[in-house]
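Below: the structure, in structure tokens.
Atom set for the values below is all heavy atoms of this structure, side chains included, hydrogens, waters and symmetry mates excluded.
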Amino acid sequence: VKAHTERVTAEVTFADVRDDGRMVHLWGPEAVNLLSSTAKTNMRRTLGKYRPDLTAPGPNEISPCDEVVERLCFFSLLKVREGSPVQELGLGEDLPPMEWRMENLLPAHEPTLWFGDGDTGKSILAQAVGLCIQHGLDDLGFTPVQGNVLYLDWETSFQMVDRRTKMIKAGLGYPSGASMRYRHCFQSLSGDIATIHKLVADHGIDYLIIDSLAGAAGGDIQREEQVISFFNSLRSLGCGSLIIHHISKTQPSLPYGNSYIRNFVRSAFDLRRPPEAESSTEWSVNFSHNKSNDSARLPRFGFRLAFSSD
């Protein structure tokens with residue numbers, strides 16, 4: 001369900017649940033304006049076509065078909081409009097500690113941005129971080145808090161990410177059973193948000209890796225509407241996240257796109273591969289912590305990537 005300026009739209013599907021528990025598809029999914037009388041009339045007619053037994057008026061002259069459609073619209077609108085509950089700030093005397101998914105590097109519940117030029121090593125380092133979080137392994141110099149990770153990929157294929165993951169496991173000496181969840185994505189995050197909500201719930205996901213922002217935003221990231229839509233969708237999932245992104249060609253110290261990208265994340269790192277990279281199989285990736293809303297910025301640090309044929 002999405003709220004727009006003058007309408008509220010939902011993706012609606014009708015299905016029958018049979019006595020044996022099977023779900024039988026009837027109609028949809030279709031995008032419907034929940035505030036439109038015409039749309040509601042069309043839904044009643046459609047449901048009545050597939051289930052004529054629901055069209056006979058009841059004692060109050062309202063058919064079961066009418067009641068289904070009215071309840072669907074009413075409770076969907078109620079849910080989207082009520083939003084999150086009001087909470088009390090500042091209760092108690094104790095100052096709660098900062099919550100981390102990876103100590104001093106990745107806040108537990110907020111978005112973090114890693115941005116850099118192509119071929120820097122952002123994705124492979126993000127995968128290494130994901131494996132460390134998934135298995136609670138302290139191999140990158142930052143202590144992780146174990147949690148279930150979902151890698152959302154808009155850049156390459158399962159086969160390539162799987163290959164990189166096995167390379168990382170070999171390099172760090174992880175057991176053969178070490179893994180994390182992966183999903184190949186081709187719709188924008190906001191367009192795919194209902195399915196991703198279900199995946200997060202079904203798999204108990206605690207942390208997301210988004211590779212990369214341009215694909216996940218699904219449009220012109222110079223436009224603030226596109227960027228805000230992405231971050232609102234991400235916020236609705238209730239997970240911390242690591243977002244991989246690219247640099248601006250005109251201002252290489254900044255992420256490419258609208259200034260809201262840097263404003264929405266709570267922590268941002270500029271990743272650089274030194275221009276005099278030692279070789280095509282071994283190089284350093286230097287991290288510069290150029291934004292932090294809730295903790296001190298880290299001094300510069302880095303990782304060294306080395307590839308071998310073993």
Side-chain angles (χ1 to χ4, degrees), residues 1-5 8 10 74-115 126 129-130 132-134 136 142-150 152 189-190 193-194 196-210 213 216-217 221 224-245 254-255 257-270 287-299:
V1 181
K2 293 183 183 178
H4 308 270
T5 305
V8 178
F74 175 79
F75 286 108
S76 296
L77 288 167
L78 186 66
K79 185 66 177 175
V80 77
R81 285 172 174 168
E82 70 182 6
S84 300
V86 172
Q87 296 172 280
E88 293 287 340
L89 295 172
L91 295 177
E93 298 298 325
D94 295 334
L95 180 66
M98 178 75 177
E99 293 187 59
W100 299 99
R101 185 54 59 187
M102 188 166 271
E103 190 173 5
N104 297 321
L105 183 67
L106 302 174
H109 308 294
E110 311 291 342
T112 297
L113 182 71
W114 286 5
F115 64 96
V129 161
C132 286
I133 293 171
Q134 182 66 51
F142 296 91
T143 303
V145 174
Q146 193 282 326
N148 292 327
V149 177
L150 176 60
L152 298 174
L189 181 69
S190 59
I193 195 65
I196 294 174
H197 265 288
K198 187 174 187 305
L199 292 173
V200 167
D202 289 350
H203 296 283
I205 298 301
D206 302 295
Y207 201 77
L208 298 167
I209 298 176
I210 294 173
L213 174 58
I221 55 174
E224 62 185 44
E225 296 89 349
Q226 202 76 32
V227 173
I228 291 170
S229 175
F230 164 78
F231 278 103
N232 283 346
S233 296
L234 180 62
R235 183 177 176 84
S236 75
L237 294 167
C239 299
S241 57
L242 171 58
I243 304 165
I244 307 303
H245 190 37
L254 293 174
N258 191 276
S259 60
Y260 273 110
I261 293 171
R262 188 174 183 276
N263 292 339
F264 267 108
V265 298
R266 304 294 86 190
S267 182
F269 293 85
D270 180 356
F287 281 62
S288 177
H289 197 186
N290 73 5
K291 180 187 177 181
S292 181
N293 281 67
D294 301 300
S295 63
R297 295 188 188 184
L298 293 172

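More than 12 heavy atoms of other residues, nucleotides or ligands lie within 6.0 Å of CZ in Arg297, so this atom counts as buried by the packing criterion. For Leu91, the CG atom counts as densely surrounded, since its 6.0 Å shell holds more than 12 non-hydrogen atoms of other residues, nucleotides or ligands.
What you find for Met98 and Pro107 is that their closest heavy atoms are CE-CB, 4.0 Å. Across Ile209 and Gly130, no two heavy atoms sit closer than the pair CD1-CA, 3.7 Å. In this structure, Lys291 and Phe264 approach most closely via the heavy-atom pair NZ-N, 4.5 Å. The minimum heavy-atom distance between His289 and Ala296, with the atom names listed, is CE1-O, 4.1 Å.
Ring orientation note: the planes of Phe287 and Trp114 are nearly perpendicular, at an angle over 60° on the 30°/60° scale.
Under the 3.5 Å distance criterion, the side-chain polar atoms of Arg101 are left unmatched by any main-chain donor or acceptor of Pro144. A donor-acceptor distance shorter than 3.5 angstrom exists from the side chain of Gln134 to the backbone of Val149, with no hydrogens or angles considered. Judged purely by atom type and a 3.5 angstrom limit, Ser229 has no side-chain atom pairing as donor or acceptor with the backbone of Gln226. Not a single donor-acceptor pair under 3.5 Å links the side chain of Asp270 to the backbone N or O of Ser288.
Under the 4.5 Å side-chain criterion, counting only non-hydrogen atoms from C-beta, Ile193 is in contact with Leu237. Contact annotation: the side chain of Tyr207 never approaches that of Val129 to less than 4.5 Å [non-hydrogen atoms, C-beta and beyond]. Taking 4.5 Å as the limit, every side-chain heavy atom of Glu110 sits out of range of all side-chain heavy atoms of Asn293.
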Can you list the steps and then say if Glu99 with Val145 is a side chain to side chain contact (heavy atoms under 4.5 Å, CB included)? CA-CA 9 Å; Glu99 293 187 59; Val145 174; over 6 Å; no
Quick one: do Ile261 and Ile243 satisfy side chain to side chain contact (heavy atoms under 4.5 Å, CB included)? Show the steps, please. CA-CA 10 Å; Ile261 293 171; Ile243 304 165; over 6 Å; no
Report the C-alpha separation of Trp100 and Leu105 in whole Å, then their side-chain angles, then the decisive distance to 0.1 Å, and conclude whether the side chain to side chain contact (heavy atoms under 4.5 Å, CB included) test is met. CA-CA 8 Å; Trp100 299 99; Leu105 183 67; 5.9 Å; no
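Here Ile205 contributes atom CD1 and His197 contributes atom NE2; the two are 13.5 Å apart, rounded to the nearest 0.5 Å. Atom CD1 of Ile228 is separated from atom OH of Tyr260 by 5.0 Å, given to the nearest 0.5 angstrom. Interatomic distance, Cys239 SG to Leu208 CG, rounded to the nearest 0.5 Å: 4.5 Å. For the atom pair Asn148 CG and His203 NE2, the distance stands at 9.5 Å (nearest 0.5 Å). Separating the CG atom in Asn232 from the CD atom in Glu225 is a distance of 12.0 Å, to the nearest 0.5 Å. Taking CG of Leu106 as the start and CZ of Arg266 as the end, the distance is 15.0 Å to the nearest 0.5 Å.
In this view, Ser259 and Asn263 satisfy the side chain to side chain contact (heavy atoms under 4.5 Å, CB included) rule, not counting sequence neighbours.
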